[in-house]
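See structure below.
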Amino acid sequence: MAEWQSSAAVSLLLLLLSAFIPPAASEAAGGLLRWASTLHNLPQSNISTWPRAAANGSPCNFVGVSCSAAGDVVRLNLTNSGLNGTLQAFPFSSLPNLTHLELSVNLLTGSIPPEIGLLANLVDLDFSLNQLSGRIPPEIGRLANLQVLHIVENRLTGAIPDEIGRLESITELALYENRLTGPIPSSIGNLTKLARLYLYSNELSGPIPPEIGHLSTALTELFIDTNQLSGPIPASFGNLTKLTTFFIFDNNLSGAIPDEIGNLESLQYLSLHTNNLSGSIPPSLTRLNSLILLHLYSNRLSGPIPPGIGNLDSLADLELSDNRLTGTVPASNTLCGGIQNLTVHSNNFSGSVPTSFKNCTTFIRVRLEDNQFTGNISEDFGIYPNLQYLDLSRNNFHGEVSPSKWVSCPNLATLRISGNRVTGEIPGPIGNHPKLQALDLSSNQLVGQIPLELANLTSLVKLQLSGNQLSGPIPLEIRSLTKLDSLQLASNRLNESIPGSLGELTQLNDLNLSNNQFGDRIPEQLGRLVHLSTLDLSRNSLTGAIPSQLTSLSSLDRNPRGQQDHEQQVLLAPGFDTKIMYSDIVTATDRFDPAHCIGRGGYGTVYRATLPSGIIVAVKKLNCSDDSSEDDESHKEFLREVEALTEIRHRNIVKLYGFCSQSNHSFLVYEYLDRGSLASVLSQDNSGARELDWGKRLNIVRGVAHALSYLHHDCAIPIVHRDVTSNNVLLDRDYEAKVADFGTAKLLSSDSSNWTTQAGTRGYIAPGKMSFV
Ligand SMILES: *[C@@H]1O[C@H](CO)[C@@H](O)[C@H](O)[C@H]1NC(C)=O
Ligand SMILES: *[C@@H]1O[C@H](CO)[C@@H](O)[C@H](O)[C@H]1NC(C)=O
Ligand SMILES: *[C@@H]1O[C@H](CO)[C@@H](O)[C@H](O)[C@H]1NC(C)=O
Ligand SMILES: *[C@@H]1O[C@H](CO)[C@@H](O)[C@H](O)[C@H]1NC(C)=O
Ligand SMILES: *[C@@H]1O[C@H](CO)[C@@H](O)[C@H](O)[C@H]1NC(C)=O
Ligand SMILES: *[C@@H]1O[C@H](CO)[C@@H](O)[C@H](O)[C@H]1NC(C)=O
Ligand SMILES: *[C@@H]1O[C@H](CO)[C@@H](O)[C@H](O)[C@H]1NC(C)=O
Ligand SMILES: *[C@@H]1O[C@H](CO)[C@@H](O)[C@H](O)[C@H]1NC(C)=O
Ligand SMILES: *[C@@H]1O[C@H](CO)[C@@H](O)[C@H](O)[C@H]1NC(C)=O
Ligand SMILES: *[C@@H]1O[C@H](CO)[C@@H](O)[C@H](O)[C@H]1NC(C)=O
Ligand SMILES: *[C@@H]1O[C@H](CO)[C@@H](O)[C@H](O)[C@H]1NC(C)=O
Ligand SMILES: *[C@@H]1O[C@H](CO)[C@@H](O)[C@H](O)[C@H]1NC(C)=O
């Protein structure tokens with residue numbers, strides 16, 4: 001196929017063609033072949049057979065081409081055909097009868113040519129999942145027969161042209177995941193056949209045009225979420241009585257939720273979360289009898305939940321958290337018809353939970369934390385076979401942890417009741433939760449011993465029992481909690497000696513046994529906890545020394561002395577056998593002299609430092625400015641990075657050796673990677689980029705994929721990096737990729753329809769958890 005690179009060969013073929021085939025067909029074939037010859041990789045693409053097919057006759061034999069009986073090309077379907085090139089030479093004028101043009105899932109770049117408007121018979125146009133850029137040409141408005149337009153997941157910029165309002169036959173318009181800016185054109189209100197409008201995940205701004213409310217005859221799905229739209233939700237939307245799905249979350253909408261939303265009688269999914277909506281929840285919403293999902297969280301809504309919400313028979317997911325709502329959760333039997341997820345945390349709710357809660361056997365995720373609910377936890381809740389997540393923390397609940405209730409929820413993964421007035425003992429049968437990963441009963445009034453049966457919770461990652469009146473020893477059996485990452489038993493009355501078997505919990509990151517009555521020697525076996533980043537044994541009656549293996553902890557607090565002083569501070573170095581002293585870093589960088597600078601990130605400068613041991617490390621020093629608010633932001637970012645990196649260990653994630661958090665000197669110490677960032681290697685046009693052969697590139701992609709998969713799926717708390725770019729992928733001597741720069745990372749609570757706000761470099765954000773239904 002090498003001859004394909006030669007335009008002389010193409011011309012010869014075209015000449016041959018014109019001798020055998022009718023003029024219209026030969027023009028179409030010639031146009032297609034000419035376009036194919038402009039692709040960068042024709043021989044490797046699925047249309048490499050076109051020339052041979054052409055030699056046999058008309059374009060109708062070309063892979064992907066369909067013709068009418070009359071021999072006109074009517075369909076071109078080259079979905080996922082490995083096409084790398086542009087549309088500039090595409091033979092729009094030679095394909096007047098084309099009804100279907102499908103070029104999705106290729107590597108098409110450049111802009112969409114205005115000649116697209118010549119395809120007057122086009123019914124279906126799909127350019128999705130390419131890398132098309134530039135503006136949508138206004139000429140697209142000439143496609144009066146177009147029914148389906150898909151240009152999703154490209155890099156389109158600029159405003160959506162007003163001419164889009166001329167697509168009078170259109171039923172489905174999908175432009176999501178591009179970089180479109182400007183307002184939504186009001187002319188979309190003319191598209192009376194439009195049933196599905198998907199404009200989400202762009203940068204659209206300005207108000208929502210009220211004209212969209214005119215689409216009452218056909219519109220069933222409206223997705224305009226994840227943009228920068230502002231202003232109110234137009235009252236005219238109350239006319240959209242066929243609408244089943246209405247998503248406008250993650251915008252900047254203000255004003256009240258219009259009463260007219262209550263007219264949308266077909267509505268099943270209504271998501272308005274993460275906006276700036278105020279006022280109260282309109283009582284008219286209680287007329288939405290088909291509603292399955294109602295998300296109003298993260299707004300500024302106030303007032304009570306309208307009582308009738310509890311009568312919506314189909315409601316399965318009600319999320320109202322992070323508002324200023326007051327009153328009680330409506331008492332209603334039907335609320336428990338099929339409700340799975342009820343999150344009302346971080347509001348000002350008070351009173352007891354509805355008595356109907358006892359019967360809500362469909363509960364999966366329930367979050368009531370950070371309110372002022374009252375009631376008895378063992379009497380007001382029932383047995384929930386499907387319950388996975390329950391958080392009642394920081395309310396005014398009392399009562400005991402009933403062995404017959406919580407203990408009969410076999411799917412429970414998270415149980416948090418911290419910061420209430422829970423009394424009594426921790427029941428042994430709580431150990432019958434093979435799936436429990438987080439148990440937080442801290443800051444209550446629990447008494448008695450830590451039950452042996454807790455050792456049966458072999459999935460447990462976090463165990464928090466601090467701030468109670470527990471007594472007796474730590475059971476030796478705790479050694480079976482091998483996945484434990486955090487063990488918080490501070491401020492109780494625990495006594496006897498610390499069991500050496502704690503040393504078997506080698507995944508432990510945080511261990512806090514302070515303010516108890518532990519005696520005897522600090523067990524040497526604690527030296528095996530090489531992943532520890534914080535250890536607090538202070539305020540006990542312990543003797544002996546912290547095992548020498550642990551003297552590199554970031555935060556070390558034990559009886560009787562406090563932390564070492566500033567200049568002597570030893571930095572955290574889990575799994576790193578050399579201690580790093582604060583003064584070593586300062587000396588090795590000549591007090592952060594620019595001569596040692598190897599790069600600058602969003603919020604800091606990176607230095608190369610050779611330690612006295614000869615080991616080279618990279619030191620990222622936080623920017624310090626006089627403006628304290630800016631300082632505060634970068635400090636938060638710093639802590640996020642530390643938090644993210646201390647949680648994780650993976651061969652494709654850059655290793656954090658230590659950190660120092662002082663008001664004047666905050667820095668992170670990382671492993672040093674010889675080859676710097678992927679971006680810098682690719683930009684060295686001769687040496688680096690050539691050295692980086694396809695095998696190595698594939699290996700890099702594989703490494704990054706492993707790292708992201710690990711972050712998303714294997715961490716106790718999923719982490720979304722949110723800024724994966726070639727600048728943040730570093731390469732070691734063997735070109736092994738390591739993902740770095742976690743400044744914008746986001747820890748997702750395991751309870752998460754938490755649709756994160758985006759951060760970092762747009763377009764490179766690793767796919768996070770989608771909240772789609
Ligand atoms: C286009 O081709 C792809 C791959 O062969 C196929 O999956 C898809 O259904 C086709 N599209 C249409 C509309 O025929
Ligand atoms: C194009 O070729 C690739 C690689 O052989 C194959 O995976 C893909 O399915 C082909 N596409 C079509 C539409 O046949
Ligand atoms: C597409 O072609 C361009 C130009 O030859 C090349 O630089 C690029 O690497 C190709 N992309 C892929 C994914 O093959
Ligand atoms: C194809 O398009 C040409 C030019 O518009 C037109 O003359 C011809 O009738 C069309 N063929 C069919 C089958 O529609
Ligand atoms: C389409 O909508 C625009 C703006 O809403 C309006 O000015 C125009 O008259 C409409 N055109 C037609 C043909 O209805
Ligand atoms: C649409 O809604 C507006 C405002 O609620 C109303 O004035 C108008 O009459 C409605 N139009 C239709 C066609 O129902
Ligand atoms: C949100 O909208 C208000 C006006 O309603 C505007 O002042 C503010 O800058 C917008 N915020 C963002 C983040 O776009
Ligand atoms: C939300 O709206 C209020 C006024 O209602 C405004 O003061 C505030 O700036 C808005 N917040 C954002 C983030 O736009
Ligand atoms: C409720 O939450 C669970 C777990 O997050 C999820 O799988 C389920 O789809 C949610 N139910 C609804 C109706 O959204
Ligand atoms: C719970 O369900 C049972 C059986 O369906 C019923 O007898 C009882 O009244 C219900 N309790 C509440 C509080 O709704
Ligand atoms: C739970 O713990 C108790 C006491 O340690 C033990 O007897 C029992 O066999 C354990 N049950 C399971 C299911 O492991
Ligand atoms: C989403 O996650 C962030 C960070 O974990 C948290 O601050 C926020 O409260 C969460 N929002 C919801 C609605 O869960």
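Both counts, for ligands and for their atoms, begin at 1 and track the order of listing.
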Heteroatom proximity flag, N77 to ligand 1, N/O under 3.5 Å: yes
Region of R75 that comes within reach of ligand 1 [heavy atoms, distance under 4.0 Å]: side chain
Within 6.0 Å of NE2 in H706, more than 12 heavy atoms from elsewhere: no
Heteroatom distance test (N84, ligand 3): nitrogen or oxygen, under 3.5 angstrom: yes
Modelled atom types, side-chain donor and acceptor of S94 and E27, under 3.5 Å: yes
N252 backbone acceptor or donor facing N275 side chain under 3.5 Å: yes
Test of proximity, S230 against ligand 7: N or O pairs below 3.5 Å: no
Atom 2 (O) of ligand 1 touched by protein (heavy atom, under 4.0 Å): yes
Nearest candidate to atom 5 (O) of ligand 3, where distance is taken over non-hydrogen atoms, out of Q44, R697, Q131, H40: H40
Protein heavy atom under 4.0 Å of atom 13 (C) of ligand 1: yes
N251 side chain to I224 backbone, donor-acceptor under 3.5 Å: yes
Atoms of ligand 1, numbered as shown, that sit under 4.0 Å from any heavy atom of E102: 11 (N), 12 (C), 13 (C)
Within 6.0 Å of NZ in K193, more than 12 heavy atoms from elsewhere: no
Ligand 3 versus L107: contacting region, heavy-atom distance under 4.0 Å: side chain
Atom CZ of R166 with >12 non-hydrogen neighbours under 6.0 angstrom: no
Results of ring-ring contact (aromatic ring centres under 6.0 Å, His included) for F127 - residues two or more places apart only: none
